[in-house]
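Take a look at the structure below.
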Amino acid sequence: MRIAVTGSIATDHLMAFPRKFADQLIAEQLDKISLSLLTDELEIRHGGVAANIAFGLGSLGLSPLLVGAAGVDFGDHHQLWLKEHGVDTDGVRVSETLHTARFVCASDTEQNQIGFFYAGAMAEAHEIDLGELVRRTGAVDLVVVSPNDPAAMLRHTRDCVALGIPFVADPSQQLARLEREEVRALLDGPRYLFTNEYESVLIQERSGWTERQILDRVGTWVTTHGAKGSLIAGAGAEPVTVPPLPSVRTVDPTGAGDAFRSGFLAALAWGLGHEDAARLGSGVAALALESRGTQEYALDPRALLERLTAGYGADAARNLEPRLRAL
């Protein structure tokens, strides 16, 4: 299976706040917040949702096609880094004038986060024509429509429908700014929908559709619940809950959801079922959680297999074993 991952390509500026954000907020003054929080650390890393997912897929031996808009600084190091990890960057549009998008984020001691995203070159992503790209780079079997310039997300969804290419809807962070009709357009028959627990409620509020109405429009809805694992639901089927990989020491939560998607999609590409996919997704997410930065984890297939076997049991890891040993 050849997977194209559309979405943001960014540089992450990650900071650590040594206390709780909640302790800095005054309930009676939330309508006029003016805060300056002193952080202890600053790390500058490669990021962006699409780049993170593609990095994970490439690390698992696939050759994903990254589709997005990056800035004039993309070729300095990020492009080479992604290529070294198995990512095909021929789908990246490089702006002639703008810098790559920036994500500035701080995490507190409870792993809560406050982040800001500057679009930069991502604003040009809507100019990418998936039909032309497929003609130029070859056919794809699945397209991931992840957070991006909203116009690009809508265009890529329409292109997938028109071209008859199965796609994954992963609106996540962009749900907060999308209008009702835009959210509904993104749910025009995806094979998979990914959200986290909060977004699963927000997407219902934004779309004006109930959980059942959304399930009737999507093939499979995968919801990550952090320390409670993941929930896989489909219309007319009993939902399945898969626990997270145990004994994970969280260093940085940024990018864990993207890593989960990488593992889940890789298992699908290998022809495995949803429970196997969720287990592999949890394993890759654990690697991201234990690393500082979203593309900094090193994926050792045999070590990952050992963790999956220890966490889920030999029977549960059996279907993943031949694929991971072959990497």
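Quick caveat: nothing in here was measured; it's all calculated off a predicted structure. Residues take their numbers from the sequence shown, with the count starting at 1.
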### Message
Atom CG of residue position L38 - does it have more than 12 heavy atoms of other residues, nucleotides or ligands inside 6.0 Å?
### Response
no
### Heavy-atom side-chain contact between L320 and L304 under 4.5 Å
no
#### Entry: Flag side-chain contact, heavy atom, 4.5 Å: E290 against V248
yes
#### Entry: Any S230 side-chain heavy atom under 4.5 Å of F264 side chain
no
### Query
Taking C-beta and beyond as the side chain, do L42 and T39 meet within less than 4.5 Å on heavy atoms?
no
### Query
Is there a path of hydrophobic side-chain contacts, each under 4.5 Å between heavy atoms of I, L, V, M, F, W or Y residues, that connects V201 with L215?
no
### Message
Counting neighbours of NE2 on H225 that are heavy atoms of other residues, nucleotides or ligands and sit closer than 6.0 Å, is the number greater than 12?
### Response
yes
### Query
Shared ILVMFWY cluster between L272 and Y192, side chains joined below 4.5 angstrom?
yes
### Query
Do you know which two heavy atoms are closest between P244 and A227, and how far apart they sit?
CG-O, 3.2 Å
### Message
Rounded to the nearest 0.5 Å, what separates atom OG1 in T223 from atom CG in N196?
### Response
8.5 Å
### Backbone N/O of A10 and side chain of S8: donor-acceptor pair under 3.5 Å
no
### Query
Any link between Y198 and F260 through a network of hydrophobic side chains (Ile, Leu, Val, Met, Phe, Trp, Tyr) touching at under 4.5 Å?
no
### Message
Surrounding CZ of R180 (heavy atoms of other residues, nucleotides or ligands, distance under 6.0 Å), is the total greater than 12?
### Response
yes
### Query
Checking side chain to side chain contact (heavy atoms under 4.5 Å, CB included) for the pair H156/I128: CA distance, chi angles, key distance, verdict?
CA-CA 8 Å; H156 296 336; I128 298 173; 4.1 Å; yes
### Rounded distance [0.5 Å steps], CG in L299 versus CG in L327
7.5 Å
### Query
With the 4.5 Å side-chain cut-off for hydrophobic clustering, are F194 and L280 part of the same group?
yes
### From H274 atom NE2 to T220 atom OG1, the distance as rounded to the nearest 0.5 Å
4.0 Å
### Query
Do the side chains of P150 and L178 get nearer than 4.5 Å, heavy atoms only?
yes
### Task
Could you tell me whether E306 and R302 make a salt bridge, using a distance below 4.0 angstrom between a side-chain N and a carboxylate O?
no
### Query
Are there more than 12 heavy atoms of other residues, nucleotides or ligands under 6.0 Å from atom CD of E84?
yes
### Query
If every non-hydrogen atom of L265 is compared with every non-hydrogen atom of I3, which pair is closest and at what distance?
O-CD1, 4.1 Å
### Message
With a 4.5 Å cut-off on side-chain heavy atoms, are L133 and L65 touching?
### Response
yes
### Message
Closer than 3.5 angstrom, by distance alone: can the side chain of Q204 be matched with the main-chain N or O of E211 as a donor-acceptor pair?
### Response
yes
### Distance-minimising heavy-atom pair for V134 and A139
CG1-CA, 3.8 Å
### Query
About how many Å separate CG of L80 and OG1 of T89, when rounded to the nearest 0.5 Å?
9.5 Å
### Task
On the 0 to 90° scale, with breaks at 30° and 60°, tag the F17-F21 ring pair as parallel, tilted or perpendicular.
parallel
### Message
Would you say that R292 contacts E41 through its side chain, given a criterion of any heavy-atom pair below 4.5 Å between the two side chains?
### Response
yes
### Common cluster, M1/V168, ILVMFWY with side-chain heavy-atom separation under 4.5 Å
yes
### Query
Taking it one step at a time, do V161 and F167 satisfy side chain to side chain contact (heavy atoms under 4.5 Å, CB included)?
CA-CA 8 Å; V161 173; F167 69 99; 4.1 Å; yes
### Query
Does the side chain to side chain contact (heavy atoms under 4.5 Å, CB included) test come out yes or no for V67 and V92, once each step is laid out?
CA-CA 5 Å; V67 181; V92 177; over 6 Å; no
### Task
Go through the steps for R19 and D108 under the test side chain to side chain contact (heavy atoms under 4.5 Å, CB included), then give the verdict.
CA-CA 6 Å; R19 298 177 183 173; D108 70 3; over 6 Å; no
Tabulate below the donor-acceptor pairs under 3.5 Å that side-chain atoms of residues 46-54 make, not counting sequence neighbours, or state none.
unit_1 : atom_1 : unit_2 : atom_2 : d
H46    : NE2    : H77    : ND1    : 2.9
N52    : OD1    : T294   : OG1    : 2.8
N52    : OD1    : Q295   : NE2    : 2.9
N52    : ND2    : G48    : O      : 3.1
N52    : ND2    : D258   : OD2    : 2.9

#### Entry: Residues forming a side chain to side chain donor-acceptor pair (under 3.5 Å) with R318, sequence neighbours excluded
D315
### Task
Taking all non-hydrogen atoms of both residues into account, name the closest pair between S291 and D252 and its distance.
O-CB, 3.4 Å
### Task
Would you name the heavy atoms of L202 and A176 that are closest together and state the gap between them?
CD2-N, 4.2 Å
### Crowding at CD1, I26 (>12 non-hydrogen neighbours, <6.0 Å)
no
### Task
Quick one: closest heavy-atom pair of A256 and L289, and the distance?
CB-CD2, 3.6 Å
### Task
Provide the full list of salt bridge (charged side-chain N to carboxylate O under 4.0 Å, His left out) pairs with a residue in residues 113-141, sequence neighbours left out, each pair given once.
R93-E124, R93-E127, D129-R155, E132-R136
### Message
Keeping Y312 on the side-chain end and P243 on the backbone end, is there a donor-acceptor pair under 3.5 Å?
### Response
yes
### Query
In Å, rounded to the nearest 0.5 Å, how long is the span from CD of E182 to CG of L175?
11.0 Å
